[in-house]
Amino acid sequence: MTTPESSPSSNFIRDLVVADHAAGKHGGRVVTRFPPEPNGYLHIGHAKSIALNFGLANEVSGGACHLRFDDTNPTTEDPEYVQAIQEDVRWLGFDWHSKMFYASDYFEQLYTFAVTLMKKGKAYVDSLTPDQIREYRGTLTEPGRDSPYRTRSVDENLDLFARMRTGECADGTHVLRAKIDMNSPNINLRDPILYRIRHASHYRTGTAWHIYPAYDFAHPLSDAIEGITHSICTLEFEDHRPLYDWVVAETEALHRPQQIEFARLNLTSTVMSKRKLLELVEKKLVAGWDDPRLPTLRGLRRRGVPPEAIRAFCEHIGVAKRDAIVEMQLLEHFIREDLNKRSPRVMAVLRPLKVVLDNYPEGAVEELDAVNNPEDASAGTRKVPFTRTLYIEQDDFREDPPKQFFRLAPGREVRLRYGYIIKCVSVTKDPHTGAITELHCTYDPETKSGSSQEQRKVKATIHWVSSAHAVPAAIRLYQPLLLTNQAKLAVDQDWTQSLNPHSLELLTGCLVEPSLRAASPGARFQFERQGYFCLDPDSSSGTLIFNRTVSLKDAWAKLEKTQQPPQR
RNA sequence: UGGGGGAUCGUCUAGCGGUAGGACGCCGGCCUUUGGAGCCGGCUACCUAGGUUCGAUUCCUAGUCCCCCAGCCA
């Protein structure tokens with residue numbers, strides 16, 4: 001059963017796949033694939049592709065989506081990434097079942113296909129230098145020229161190619177090229193390189209090979225070997241499609257997959273390219289691949305973003321061919337929406353201000369009932385200790401309150417969440433700096449939460465922790481990684497100059513309610529009135545460290561920004 | 001000035017000749033023991049110019065603008 005919310009939204013690829021399936025094309029099979037190269041970590045842009053490919057396979061009966069490592073370049077790939085990619089795909093919530101493959105497993109078959117091409121006179125060994133090849137290729141507006149080696153005999157090609165394989169030729173001395181058309185207006189068709197010599201150890205095949213297939217050769221054939229029906233990739237491969245089709249046709253591969261292109265995901269105020277992400281990690285501009293500021297799946301996970309939120313986001317942004325930059329706020333919306341429904345609420349004070357309740361009995365401890373999740377009655381309640389000395393948020397007190405400020409101020413009343421209404425009677429300041437050091441308040445015993453006594457209303461309810469019971473914590477607040485958008489980065493000489501110097505703010509001396517002492521790393525909470533936070537694995541039994549996943553929407557902050565100049 | 005693609009609210013996205021819809025965002029209001037959530041209302045878009053048609057975002061023509069391609073990366 002599908003509801004309007006859960007039914008996938010229409011997009012041109014889904015429509016096409018569904019139509020093919022209904023028409024019985026490819027024998028009614030739908031086989032997609034997610035083909036990462038194991039040379040980097042997955043990010044939310046990959047999530048869009050993963051959700052599309054696995055989603056499609058899950059939607060049609062008998063569909064399948066393969067996870068295939070496109071590992072044809074020994075110099076950049078590493079098993080570390082193979083492991084990480086699998087973990088991330090699983091974490092996102094997708095399953096390739098037993099369909100995990102490596103392009104490197106096809107090296108032998110690919111070699112045979114190359115031989116087929118040579119025998120048909122459709123490929124030749126070129127011995128031009130890399131510089132010459134570039135020169136012979138022509139430019140966007142000028143046609144290329146045939147290489148003098150283009151007319152080598154089949155036997156010579158076969159012999160040379162075999163010798164390339166055995167390792168007797170140095171890197172760069174020869175390549176295998178498709179024989180297509182050096183005059184083609186599509187540069188990809190000007191005798192594209194199919195194989196290059198690389199005397200490098202491959203993480204899976206070791207030194208068995210000295211030649212490695214290029215993407216344009218390996219990819220279509222890997223798809224064909226696996227019986228992929230719909231080979232979905234991004235827009236920049238659009239003008240490789242004629243070559244994709246040529247390779248599949250000329251090698252006479254059994255299956256003819258269809259390549260379909262869509263626009264990759266871009267997000268405001270972050271970077272998505274592998275190169276830039278790698279640069280951030282290598283230059284230690286961030287703490288690692290799982291730095292919560294990064295749009296990597298590991299970064300998002302560590303930040304506390306649930307995979308469900310990422311999937312909902314991917315479904316919502318749709319799939320189209322126009323270039324797009326999605327606002328980060330949209331991602332944040334789906335994170336809040338998900339977390340609102342299921343995060344337990346707790347109280348935590350980020351910037352503590354001491355409050356003494358002058359008329360509250362010294363030494364007394366009340367266990368107040370607090371609701372765990374107003375969105376989910378089954379989440380139950382918990383006890384929170386209440387005492388004479390508390391801490392509240394510095395932001396929740398203003399000595400000289402601006403208009404619309406409903407919180408505590410001298411002479412004003414406010415409710416303590418799950419507790420009593422209190423009134424500020426005096427302010428203690430540091431005699432030298434003038435900084436507010438503590439507040440003295442009185443509480444109204446008639447106003448205890450849930451009591452049947454007088455139910456007075458006050459304008460605001462604020463969170464608090466008991467001084468004697470609070471647990472110290474450190475909290476990391478995150479801001480956008482970038483001050484500018486990706487679109488503008490290309491022209492910047494050094495894009496790292498656009499990094500936000502305040503993307504990470506570490507708060508120490510925070511105080512959280514005692515129930516949090518039992519939390520395990522990865523656990524997500526809503527700190528009431530502040531945002532969603534996730535216990536970081538860096539936490540030890542002595543120190544709790546939380547990452548702010550996303551703040552709550554803050555109507556007051558918005559109001560204050562537009563109405564009043566900041567007071568502090 | 002070669003080839004391949006793309007242009008719909010501020011941002012994503014639907015539409016397939018018949019009142020341009022949704023989401024985010026934004027602006028009001030209601031509600032609220034989270035200034036959260038929720039609820040109600042509002043805002044803003046078919047790149048331009050012609051043509052075909054009773055009727056064009058949709059079809060045609062001519063422009064304009066944006067993206068991608070000259071790795072032995074993928």
Side-chain angles (χ1 to χ4, degrees), chain A residues 4 9-11 35-37 39 70 72-73 75-76 126 128-130 133-135 137-144 171-177 184-190 192-198 211-212 214-216 218-219 233-242 261 263 265 268 274-275 313 316-334 336-337 340-341 345 347 371 374-375 404-407 414-419 421 447 449-450 455 457-463 487 526-531 551-560:
Chain A
S9 56
S10 153
N11 68 59
E37 182 186 15
N39 68 348
D70 214 349
T72 57
N73 185 351
T75 60
T76 59
D126 195 0
L128 252 23
T129 66
I133 287 181
R134 190 182 323 119
E135 200 183 312
R137 185 151 38 217
T139 68
L140 294 180
T141 50
E142 301 156 28
D171 282 12
T173 52
H174 310 283
V175 287
L176 183 73
R177 291 232 244 172
S184 173
N186 180 347
I187 292 184
N188 296 299
L189 263 19
R190 316 238 261 233
I193 290 169
L194 268 22
Y195 268 91
R196 71 281 207 191
I197 299 169
R198 279 264 198 291
I211 53 174
Y212 292 90
Y215 168 87
D216 283 317
H219 202 89
C233 63
T234 43
L235 253 28
E236 66 269 29
F237 294 105
E238 212 153 14
D239 50 17
H240 289 239
R241 195 186 333 134
E261 311 84 10
L265 169 66
T268 58
K274 275 187 182 178
R275 199 209 98 221
F313 170 76
H316 182 91
I317 56 175
V319 178
K321 295 195 75 162
R322 71 182 85 107
D323 296 312
I325 305 178
V326 178
E327 290 177 342
M328 190 64 87
Q329 289 159 314
L330 187 61
L331 208 212
E332 292 181 348
H333 163 77
F334 285 99
R336 289 193 185 99
E337 183 178 72
N340 174 52
K341 278 179 275 183
R345 273 58 170 173
M347 292 197 284
V371 172
E375 304 288 323
Q404 310 281 354
F405 184 84
F406 303 147
R407 280 109 95 152
V414 81
R415 175 174 287 282
L416 292 178
R417 182 82 157 144
Y418 307 122
I421 291 176
T447 58
S449 280
Q455 292 290 304
K457 300 271 186 199
V458 284
K459 292 279 253 183
T461 297
I462 64 173
H463 59 276
Q526 183 195 102
F527 288 1
E528 291 214 38
R529 303 208 303 131
Q530 308 197 90
S551 67
L552 244 28
K553 287 209 271 183
D554 188 344
W556 163 244
K558 191 183 284 185
L559 225 192
E560 186 181 32

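The shown structure was predicted, so the numbers you read here are calculated from the model rather than taken from an experiment. So that the names make sense, note that chain A is the first sequence line, chain B the second, and so on, each numbered from 1.
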In whole Å, measure the gap between the P atoms of B/U48 and B/G10 for me. 13 Å
Comparing nearest nucleotides in RNA chain B, the 5'-proximal residue of the pair A/D323, A/E37 is A/D323
Counting only Watson-Crick pairs (N1-N3 plus N6-O4 or O6-N4) and G-U wobbles (N1-O2, O6-N3), all under 3.5 Å, who is the partner of B/C26? B/G42
With both distances under 3.5 Å as the test, what is the Watson-Crick or G-U wobble partner of B/A14? none
Can you figure out which of B/U13, B/G36, B/G2 approaches the side chain of A/T141 most closely? B/G2
If you round to the nearest 0.5 Å, how far is CG of A/D126 from CG of A/L194? 12.0 Å
Taking atom P in both B/C46 and B/U57, compute the distance separating them and give it to the nearest angstrom. 10 Å
From A/K553 atom NZ to A/E332 atom CD, the distance as rounded to the nearest 0.5 Å: 11.0 Å
Taking the side chain of A/N11 as its heavy atoms from C-beta onward, which of B/G2, B/A14, B/G35 lies nearest to it? B/A14
Reckon A/R322 has a side-chain N or O less than 4.0 Å from the OP1 or OP2 of B/A14? yes
When all nucleic acid strands are considered with a 4.0 Å heavy-atom cut-off, which category describes A/H240: base, sugar-phosphate, or nothing? base
Syn or anti for B/G36? Use the chi torsion, O4'-C1'-N9-C4 for purines and O4'-C1'-N1-C2 for pyrimidines, with syn inside 90° of 0. anti
Nucleotide nearest A/R417 (side chain, heavy atoms from C-beta), chosen from B/U34, B/A37, B/G35: B/U34
Could you tell me whether the phosphate oxygens of B/G35, OP1 or OP2, come under 4.0 Å of any side-chain nitrogen or oxygen in A/T461? no
Indicate the ring-plane relationship of A/F334 and A/F313, choosing parallel, tilted or perpendicular according to the 30° and 60° boundaries. perpendicular
State, to 0.1 Å, how close A/V414 and A/A460 come at their nearest heavy-atom pair, and which atoms those are. CG2-O, 3.3 Å
Taking only the C1' atom of each, what is the distance from B/G50 to B/A56 in whole angstrom? 13 Å
For B/G35, take OP1 and OP2 only and decide whether either is under 4.0 Å from a side-chain N or O of A/R529. yes
Checking side-chain hydrogen bond (donor to acceptor under 3.5 Å, both in side chains) for the pair A/T76/A/E37: CA distance, chi angles, key distance, verdict? CA-CA 9 Å; A/T76 59; A/E37 182 186 15; 3.2 Å; yes
Rounded to the nearest 0.5 Å, what separates atom NE2 in A/H174 from atom CG in A/L128? 11.5 Å
For B/U32, which nucleotide in any strand shown is its Watson-Crick or wobble partner with both distances under 3.5 Å? none
What does the list of N/O pairs under 3.5 Å between the protein and nucleotides 21-25 of chain B look like, with a distance for each?
{"from": "B/A23", "atom 1": "O2'", "to": "A/H316", "atom 2": "NE2", "distance (Å)": "3.2"}

If pairing requires Watson-Crick or G-U wobble contacts with both distances under 3.5 Å, which nucleotide is the partner of B/C72? none
Between A/T234 (side chain) and A/E236 (backbone), is there a donor-acceptor pair under 3.5 Å? no
N/O (side chain, A/R137) to phosphate O (OP1/OP2, B/C72) under 4.0 Å: yes
If only side-chain N and O atoms of A/R190 are considered, is one of them under 4.0 Å from the OP1 or OP2 phosphate oxygen of B/G3? no
I'd like the P distance from B/G36 over to B/G29, given in whole Å. 13 Å
Phosphate contact (B/U33 OP1 or OP2) by A/R407 side-chain N/O below 4.0 Å: no
Separation between the C1' atoms of B/C47 and B/A70, rounded to whole Å: 30 Å
Picking from B/G5, B/G35, B/U34, which would you name as closest to the side chain of A/K321? B/G5
Among the candidates B/G4, B/A14, B/C72, find the nucleotide nearest to the side-chain atoms of A/S10. B/A14
First encountered from the 5' end of RNA chain B, between A/R134 and A/D554: A/D554
